[in-house]
Student: 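Have a look at the structure that comes next, please.
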Number of protein chains: 2
Amino acid sequence: MGVTIHQVAAEAGVSPSTVSNVLNGRSGRMLPQTRERVEQTIARLGYRPNGAARHLRTGRTQVIGLVVPSVANPFWGTFARHVEAAALLAGYRVLLCNSERDPARERDYLEELWADGIRGVVLCSSLPSLEHVLPLVERGMGLIAFDRTAQAGDPAGLVNISVDNAVGAELATRHVLELGHRRLAFVSGSLRSVNRRARFRGFEAALEQFGLTAADALLFSGGAQDHFGDLDIPDLGRAAARELLAAANPPTAIIAINDMCALGVSASARDAGLQVGEDLSVVGFDDIMLADLATPPLTTIRQPLPAMANAAFAHLRAGIEQDEPAAGGSLLMRPELVVRASTGPAPEVRR
Amino acid sequence: MGVTIHQVAAEAGVSPSTVSNVLNGRSGRMLPQTRERVEQTIARLGYRPNGAARHLRTGRTQVIGLVVPSVANPFWGTFARHVEAAALLAGYRVLLCNSERDPARERDYLEELWADGIRGVVLCSSLPSLEHVLPLVERGMGLIAFDRTAQAGDPAGLVNISVDNAVGAELATRHVLELGHRRLAFVSGSLRSVNRRARFRGFEAALEQFGLTAADALLFSGGAQDHFGDLDIPDLGRAAARELLAAANPPTAIIAINDMCALGVSASARDAGLQVGEDLSVVGFDDIMLADLATPPLTTIRQPLPAMANAAFAHLRAGIEQDEPAAGGSLLMRPELVVRASTGPAPEVRR
DNA sequence: GTGAAAGCGCTAACAC
DNA sequence: GTGTTAGCGCTTTCAC
């Protein structure tokens, strides 16, 4: 196959151990000239240590797993890119796993990663319970839960990283309330996930600050069926808006669970002959790249994705490389309101 | 660490070789009851073979590399998801590599993958030349070049998979010509890449069929600077449309190099007070998920992405698992015109 | 300061 | 049919 450590050693006139020492930065234990000679030989032969052998010997590998619902979703695609960038800088590779939000698939993937010797995974699962991966955690799998906050019953030491969803939704809701809107609707799929529930709580909190209650607002949570798919969510937004706008007293502002959903809501409003930003205000969540490209550009809540990805990787790496008992908990990153053209004064106010 | 093959062997009262034979489907060589016993022991102990040891021993690994410009781009994100799905079905894992279209990064990544024992990579690079990865190919790296067709000077045996860009662009262009448009523009970044050039050829071919020449059309290729970035391309579309629409005799139809670019063009048309699909027709390319969600929904050329991803993985796997001399060449998949609301009859015709 | 030797967990000849 | 054996390429004590 390729060049081995023995060939390098032979060429340099030293033993494999010395080459290994050079490779692993233990160069203090040898004459500078020896190190020099070995390094030159390595360069000349274009030698690169065999990862599998290293892995087998040390039990460590410079690979992490990244489990996301689906990289076809621009939000997760962007996150994946940032995680990969952070990993690359630290000399790690990233194994991509699309779970399609299927707990069985999440578990199976973690099992396979474990068998492949991978000991660190960024798990993007919004399922309220992580019990399906508990056996892995108990065996020692390093896990960072992304897009989720700590829940009672979580394994000890679990690090959760998420945007502050409640604060984000509150920012979004207050924004339209401040614009004079009083008939609001919240459009989401099933509220089964942790972060969706937090967003709804933020929505409620803002309403209360303005003397309203959730009962005054409309809620469209996708009915009984479980709209968890990332690909149907624009359709869900579309259908929800169609229904809401046809009601007797339709909302003038819609807070969507995320940008993809908001895009569906906007499309539906257009179908109904409404001008988004004038007749109807729409707010998204995430600030995916396309929020800015939509017609009209979408007002939304930005998640600090690069910082979140860096934090996720940094925590994961720390967990893998040190064997300290990780301090579990939730890291809630600060969201930011980005005002664009999809929101405007309430129709009543403008007149 | 985990359970080893020796423990399984001891528990089942056989030798490690027999367990290995069971694991590798060589069960014909043993008594059914032996196999049975081993399988039960494996299940009972929850044994999974150590990937690194297997890899070191056989030189093979069930991991492929996927090099894409950036999964933050929805097109590549969707492609990555399909490749991962195909790989998963065959028991392979996928290592995600974002190249940001940087040849040095592509090469470095391939070198690392090689050192990690990975012998198959789907390389999504639209660079005309693949010479920067030639050393890898010569060492035996299995490569599928995606989104690119064979070029003179390519390494022998290289398999290229791409949509038929020329046919796609021709379909797009003929569509607007048939709608009566005669003042067309082609908006692209630099035409340095193979597929962009092919699309431009398709554009020209359609014009010629209608008795026009490229000289009759406007071309905006981003000027001298190199707009290769996937993230700037909507801005490029925006800027291009702004310029084109301000001209003395502005186009009534714009063929954009891809959907992201078309979205930028649409946004710009809106800025200029034009109704896309009425005052200006816009056609994209790719049919990313968002084409259907745009306002108005985008007429575009669909790439058969699932089929392409399956083909890419299947060819790659064949190349890895058999040691036959792969028959190199180009696989051009058939594109499809998807008509939505962003195109309509030319203004002259409608009157 | 440098080298010899053992072994990580698995597979695949080759014996028996 | 089943077991014995010899490594795959590397790291890491432990001698010298």
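In what follows, chains carry the letters A, B, and so on, assigned in the order in which the sequence lines appear, proteins first and then strands, with residues in each chain numbered from 1. Hydrogens, waters and symmetry mates are skipped; everything else that's a heavy atom, side chains included, is used.
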Student: To the nearest Å, how far apart are A:Arg37 CZ and C:dG3 C1'?
Tutor: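 After rounding, the gap between these two atoms is 14 Å.
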Student: Sequence neighbours left out, what passes side chain to side chain contact (heavy atoms under 4.5 Å, CB included) with A:Thr41? Give chain and number order.
Tutor: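 Scan of A:Thr41 (side chain to side chain contact (heavy atoms under 4.5 Å, CB included), adjacent residues dropped) gives A:Val8, A:Glu11, A:Ala12, A:Arg44, A:Leu45.
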Student: Can you check the A:Ile42 CD1 to D:dG9 P distance for me, whole Å?
Tutor: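 After rounding, the reported distance stands at 16 Å.
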Student: Answer yes or no: is there a donor N or O on one side and an acceptor on the other, between the side chain of A:Asn98 and the main chain of A:Glu100, under 3.5 Å?
Tutor: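 Not confirmed, A:Asn98 side chain does not pair with A:Glu100 backbone.
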Student: Near A:Arg60 CZ, under 6.0 Å, is it more than 12 heavy atoms from other residues, nucleotides or ligands?
Tutor: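 Counting other residues, nucleotides and ligands, CZ of A:Arg60 stays at 12 neighbours or fewer.
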Student: Enumerate the protein-to-nucleotides 10-13 of chain D contacts in which both atoms are nitrogen or oxygen and the separation is below 3.5 Å.
Tutor:
| unit_1 | atom_1 | unit_2 | atom_2 | d |
| --- | --- | --- | --- | --- |
| D:dC10 | OP1 | A:Tyr47 | OH | 2.6 |
| D:dC10 | OP1 | A:Asn50 | N | 2.9 |
| D:dC10 | OP2 | A:Ile5 | N | 2.4 |
| D:dT11 | OP1 | A:Asn24 | ND2 | 3.4 |
| D:dT11 | OP1 | A:Arg54 | NE | 2.6 |
| D:dT11 | OP1 | A:Arg54 | NH2 | 3.2 |
| D:dT11 | OP2 | A:Ser20 | OG | 3.2 |
| D:dT11 | O2 | A:Arg57 | NH1 | 2.2 |
| D:dT12 | OP2 | A:Arg26 | NH1 | 3.4 |
| D:dT12 | OP2 | A:Arg26 | NH2 | 3.1 |
| D:dT12 | O4 | A:Ser17 | OG | 3.4 |

Student: Whole-Å distance between D:dG3 P and B:Met30 CE?
Tutor: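 From B:Met30 CE to D:dG3 P: 10 Å.
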Student: Report yes if some heavy atom in the side chain of B:Leu136 is under 4.5 Å from a heavy atom in the side chain of B:Leu143; otherwise report no.
Tutor: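 No, side chains not in contact.
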Student: Test side chain to side chain contact (heavy atoms under 4.5 Å, CB included) on A:His55 and A:Asp116; report intermediate values, then the result.
Tutor: CA-CA 10 Å; A:His55 180 185; A:Asp116 278 352; 5.8 Å; no
Student: Mind checking if B:Leu56 touches a base, just sugar-phosphate, or nothing, with heavy atoms under 4.0 Å?
Tutor: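 Since a base atom lies under 4.0 Å of B:Leu56, the category is base.
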Student: Is the shortest heavy-atom distance from the side chain of A:Val83 to the side chain of A:Phe146 under 4.5 Å?
Tutor: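 Counting from C-beta outward, A:Val83 and A:Phe146 never come under 4.5 Å.
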